[in-house]
Amino acid sequence: MSGATAARERFVRSYTAARRHPWVLGKLGDWVIWFGPYSPAQLVVIGGGAVLLINTFAWWSWLGPVPVVLWLVAAWAVRGAKIGGVSPPTAVLGLVQLLSQPPAGRIAGRAARDVRPRLLSGSFVIEPPRAVAAPAPAPAPALSGGVASARHSGPASGLSQLLGGAGLPVVPSSVGGS
C-alpha cells in the first residue's frame, strides 16, 4: 500500500430503511398531494375511513365534525407505524399466512398429516428352554516371563473377566499396576 492511498480519508454512510426504500405515494416530480406524500398504511386508513364515514353518516351525524377529525388524526398517526419492527401491511400478511398454515405444520412444502391408524396383528410362541451341555473348563495358561498365573481371590475387574472369557491370560489387579 502506498503512502498516498493510506493518507486518503474513508467515508462510511449508513442509510435508514426510509432512505433505502422511500415507498410513498402522492409525489410526482415537484407536485405533491395536499399534506402528502402518504404511506400505504395512511392510504388504507384514508380510503377505508372515507367509505366507513360515508356509509354510516346517519349514525354519527349528530356528533358534528368529531368523527372526521378522529379519521384525520388516525391517518396522521399511522404515517410511521411499525408492528414488531415491520410495516403494518407486512405484519397483516404474516398474520394471514400464519393463520392459513395447517395445524401440524409443513414438511417439504406439503401439509404434515398424522399417519392413519391401522390394525396390527401378530402372534408369538413361548418355547421351553433347550438343554445345553456345559463346556469343559480350559486350563489357565501361565504368564510369560516365568510368573505363574495367580488366582485372585475376590471380585475380578471387568477387563480381567473379559480377557478370561476370551481365553487370554488373566492378570490379577495387584500385578497389573494402576
Side-chain angles (χ1 to χ4, degrees), residues 10-135 155-168:
R10 296 183 186 194
F11 292 98
V12 176
R13 292 189 176 107
S14 177
Y15 294 104
T16 62
R19 286 190 178 208
R20 286 190 305 244
H21 307 289
W23 192 38
V24 291
L25 303 170
K27 183 175 182 179
L28 296 171
D30 291 335
W31 182 77
V32 179
I33 296 178
W34 295 336
F35 304 109
Y38 300 105
S39 70
Q42 284 178 304
L43 292 176
V44 168
V45 170
I46 291 171
V51 169
L52 183 71
L53 288 176
I54 291 169
N55 289 334
T56 61
F57 179 76
W59 293 351
W60 62 266
S61 61
W62 62 273
L63 290 172
V66 173
V68 176
V69 170
L70 290 176
W71 169 54
L72 295 174
V73 168
W76 174 82
V78 299
R79 73 189 185 287
K82 298 282 182 187
I83 300 171
V86 297
S87 65
T90 306
V92 169
L93 178 64
L95 183 63
V96 168
Q97 287 178 339
L98 177 69
L99 294 176
S100 67
Q101 289 291 322
R106 295 189 176 274
I107 298 175
R110 302 175 115 190
R113 303 197 191 288
D114 290 332
V115 179
R116 243 180 32 188
R118 55 182 173 245
L119 182 64
L120 296 177
S121 62
S123 61
F124 60 93
V125 177
I126 300 177
E127 295 180 354
R130 297 182 188 170
V132 179
S157 68
L159 181 60
S160 297
Q161 291 175 356
L162 182 64
L163 292 175
L168 297 173

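Keep in mind that this is a model prediction, so the values were computed, not measured.
- For the pair Trp71 (side chain) and Val45 (backbone), a donor-acceptor distance under 3.5 Å is present.
- Between the Arg110 side chain and the Ile107 main chain, no donor and acceptor come within less than 3.5 Å of each other.
- Heavy atoms only, all atoms of each residue included: Pro102 and Ala111 are closest at CG-CB, 3.8 Å.
- Every residue meeting the side chain to side chain donor-acceptor pair (under 3.5 Å) condition with Arg106, not counting sequence neighbours, appears here in chain and number order: Gln101.
- Judged as a ring-ring contact (aromatic ring centres under 6.0 Å, His included), and not counting sequence neighbours, the contacts of Trp60 are Phe57.
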